[in-house]
Structures are given as structure tokens and as C-alpha cells.
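Reading through the C-alpha cells given below for one structure.
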Amino acid sequence: MRKGMRIVLCVALLSSLTFASEQFAMSDADRAMYEELLENNPADMLLAHGSELLEELGGESALAKYLGVSEDALAPYLAGFPRYIVKFKMVVSIDQMLQGMMHDSGQKPYTLKSSEMVNLSSYVKSIANDQQINIDINANEYMKEAYALGKVVFETKRGARGLSCLSCHNQSVIGSILRTQPLPDISAKGNASAATWPAYRMTKSALATLQKRFQGCMNNALLAVIPLGSKEMTALEVYFTEEAKGATIALPGLKR
Amino acid sequence: MQRRDFLKNLGVGAAGAVILPSVSFAADAPKPKGSNALPYKDALNAVTGGKTPEVSDKVSLKVPEIAENGAVVPVTVEVESPMTDSDYVKAIHVFAAKNANSRCIDVYLSPANGKAMLATRIKLGETQEVVAVAELSNGKFLMASQSVKVTIGGCG
Amino acid sequence: MAKRKSLIKIKPKSFTDGEVVKVSFMVMHPMETGMRKDKKTKELIPAEYITKVVFEYNGKVITTMKVWESLSVNPVFTTYMKIDGAGVLKVIFTDSKGEVQETIEKIKPKG
């Protein structure tokens, strides 16, 4: 029954996109109040934990050394992930790069879905706070390929409802109200998802990475869920990151 | 019916017809009550000793008109007071009038706070009034209230 | 039980003696009401929520909060406090299972 109800409600809410959408729109004053919550984001506690975990691995200096950059260049370098890393022979997100670092220093890497890895990789990405996203999809053929694949993943309609990411994130519906929230513009002109994830989700009371959020969305939209760290998932992150290129990184985010 | 067909056939009438029975089902289900359950009137009386607080603009209560999510509703209460040893706010109480236990938080302050303010986040089970009551050092009670509309959590 | 992650934040970060500053305490806590059912087992999840938070500055209690189960998961508590010399701010919480934990922040006014 619960499941049945949930489906009915989803349908009702989806339909509110096309009629009577205005009545649930939030006022600017309300939105400002929610923005104020960022000042005390519960995820700050989790990033503090992530910072301790990085210290155990040798801290920022060890990370910079591992990546072959100077400590001063670390923040802008991190603002360019996902990247093609020669020694991995593949395009990776920050969490997979950290798995490599742990492995190479003789430690058992945290799994991508573990809370340790979410906290650690979120903290590491936050080292790039105030930097602009500088991903370079033309850096090499691998990045070009990843971007092209990411675009396909973004646009391919799948699952029982025949939805793609693009169904809800295209220019003609951006800003429409779905469950009190305007459908976000993922690009740097809008809320630049790649610059504001990892984020604390109030509905889940937890910190999630962009890839975990993609999984949640696929699950809700009845698409088969793509595994974390898979070629397709990393490609999708590349696509989102390119869309948000130039936006200033501000982590952790705080989302409904 | 297949979900796909269902979506395709969806119109205002169809949505309405399907929603109504579900909602009334939800309303019929008994709500579990915790051991702390206390209705708002009783909770208020317990705080004020039966006195009726005076509605005052010295108490500023900030809550959203529409909550994004009933599980995290920001609440800020500020009370105008010099916060000196002879004139200060002793306590700020926050109630959610329709929660089974209407009490949310009771904050006991002293002049060492410098300013009388509380900010936190509460859970609201449904659309309802949020009430802030300030207890002053002279024994007076002031209050402010505002309704918060809680929309359905939905697909989660 | 492992220590719960917690944090004290003071705003502004830099302050002088006598200044009134905003103090926030947050902690990772489930704030279970005891009225929620486990989705798989259909059993009620036992209540587990913070009942009390005490702000203690250089051994003196500044603020006491009596807390009920209707506060959000991973709650945040913000009030003001008047800076009165260097020292230590301790925030102590107790929960309905009798767990007590302390978080400490050094207070260093400048000048």
C-alpha cells in the first residue's frame, strides 16, 4: 500500500508541473531562510572527519606529492576533476584517485560507497573551495571520450517511465516547480550542481556525492542504477562538471 | 494497469480520483503516540502555570511559510531584551501545536547570553502553527506564532 | 559507544573580550522519536533523542536546553553568549538512553 501511495503521489506531483504549479512555489523570504541554514551545515562535521582521515594518509602535502603538483597548485588541480590520470590509464573522480593513493601506500582502500570515502573525498574536493571548476574535456582523447559518453548517458531515455536526465534538466522545464523546488539548472548559469555537491541532503540526513545523488535520481525515476565509479558514471560526472565549468566551488552544499 | 499507460492517461480528473482514496486511507490509519505525547494547551499551561501569554512584537519568530521538508524546518526566535541582571529573558519555549508531543525545546537563558535568541531545526508532522513563548525575569509571558505549511515529502 | 561527531562554531571567528557572539553546537544524532517504523521489519524503532544540552563557559552554566524528540536529525542549537575572558566553552549533551558526551572549544578573545 505504501508503495502504491508513493507512486500515486509521484504521479500527482509530476502532473503539478503542467498545472497548478505556482501554489507550492516558495517565497524569496523562505528561500533566504533555507540558505541561512548553510551557515551551520551538519555536513561540516562529516568534512571535519574527512579532514582527519586525510591527515592519516599524510595530509595535503602527501596528496599533492601523490598527484605530482606543488602544495600551492593542489586546490586548482582538484578543481579540475574528474581527470585522466596516466598511472591509472583512465578518467577518475576524486574518490577513485584516493583509492589509488591508499592502495599505493599499502592500505586497503575505502569502498566508494563507504561513509569514510564519502567524508574523505568530500573534504578533499572542498580543498578546492573558492576555486573555479576548470575541467578540461579537450585535454586528451580520454577526456573527450568521457564527455561524449556522459552526454549519451545524460540524454538516453531509460526505464519504465522512459525518462532521461535531460527530461527534467532541459531549458524548457528548468525553473518549473516540482515538490516546492524549482527544477535546477545544472549549468554554471544556474545552481552549478558540480560546484555544490557533495551536499548534505535534508531528506536523507546524510552527506552524498554527486554520483550517489545520480543513483538516487535514477532509482526514483525507475532507471536501472549505474554503479559508482563505472565508466558511465564517471562520464556522467564529467558531463555535469563541464556544464558547471567556471562556477565557484562551495562545499559542502545543503539540499532538500 | 501498467504504470506507463497510467502516466500517459493522466489528466486532472484522473489524478484527483486516484489521490482522494489514498489520502483518506492515510487519515484513517491510527497515529502512534509516544510516551511524551502532550497536547499544545497542556504543554503551554505547564510552562506558564495557566497564565495566558500576551501576543507581542517583542518576540520575533521566523519560520518558513512553506516547509521544503517537514523533517527539517528552520526556527529562529529572537526576543527584544536588555539582558541585564534586573531585566532579562529567562526562557524561550518552542511548541509545534499539532505534533503528538507539542514541546520542541525549552531554552533557559541568563544575562550572560548577552542577547535572547534561539535558532534550531524542528520536525513537523503536518501543516500547523509553530508557537514561541518567552518567559521574562519579571514573570511575564510573551508569545508569537506562525503557521507553517508542510507539503508532502513525496518521492523522497 | 563511539563518540558522536560534533562541532562548536563561533561567529564571528575572531572576537574581542566583552563581545556578544553567536554560538552553534551541532551533533550527529538520530533523534529517533520512537514512533517511526523500520521499513523492513515493520517494528517500531526505539526512541533515542537528545534530552538536554548544557553550555558551560569557564565552569559557569550559560544556557541549558531541555530538548524533545521533535528536533531534527543531526540537530543544530544556536544562541548568543557574551565573551568574558579566555578559557573553555564546553557543551554537554545527554540523550534518552543516558549517553552523555562533551564537546570542547577554546575561547581566545583577541587584544
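First the proteins, then the strands, lettered A, B, ... as listed; each starts at 1.
Within the 4.5 angstrom heavy-atom criterion, atoms from both the backbone and the side chain of A:Asn40 approach chain B. Of the two parts of B:Val148, neither the backbone nor the side chain holds a non-hydrogen atom closer than 4.5 Å to a non-hydrogen atom of chain A.
Within the 3.5 Å criterion, the main-chain N or O of B:Glu65 finds a donor-acceptor partner in the side chain of A:Asp30.
Crowding of A:Asp28 atom CG: a count of heavy atoms from other residues, nucleotides or ligands under 6.0 Å not exceeding 12.
Considering every non-hydrogen atom in both A:Met33 and B:Pro74, the closest pair reads CE-O, 3.5 Å. Taking all atoms of both residues into account, the shortest heavy-atom contact from A:Leu37 to B:Val72 is CD1-CG1, 4.5 Å. Pairing each heavy atom of A:Tyr34 with each of B:Ala67, the nearest pair is OH-CA, 3.3 Å.
At a threshold of 4.0 Å, the pair B:Glu68-A:Lys255 does not count as salt-bridged, since none of the basic side-chain nitrogens sits closer than that to a carboxylate oxygen.
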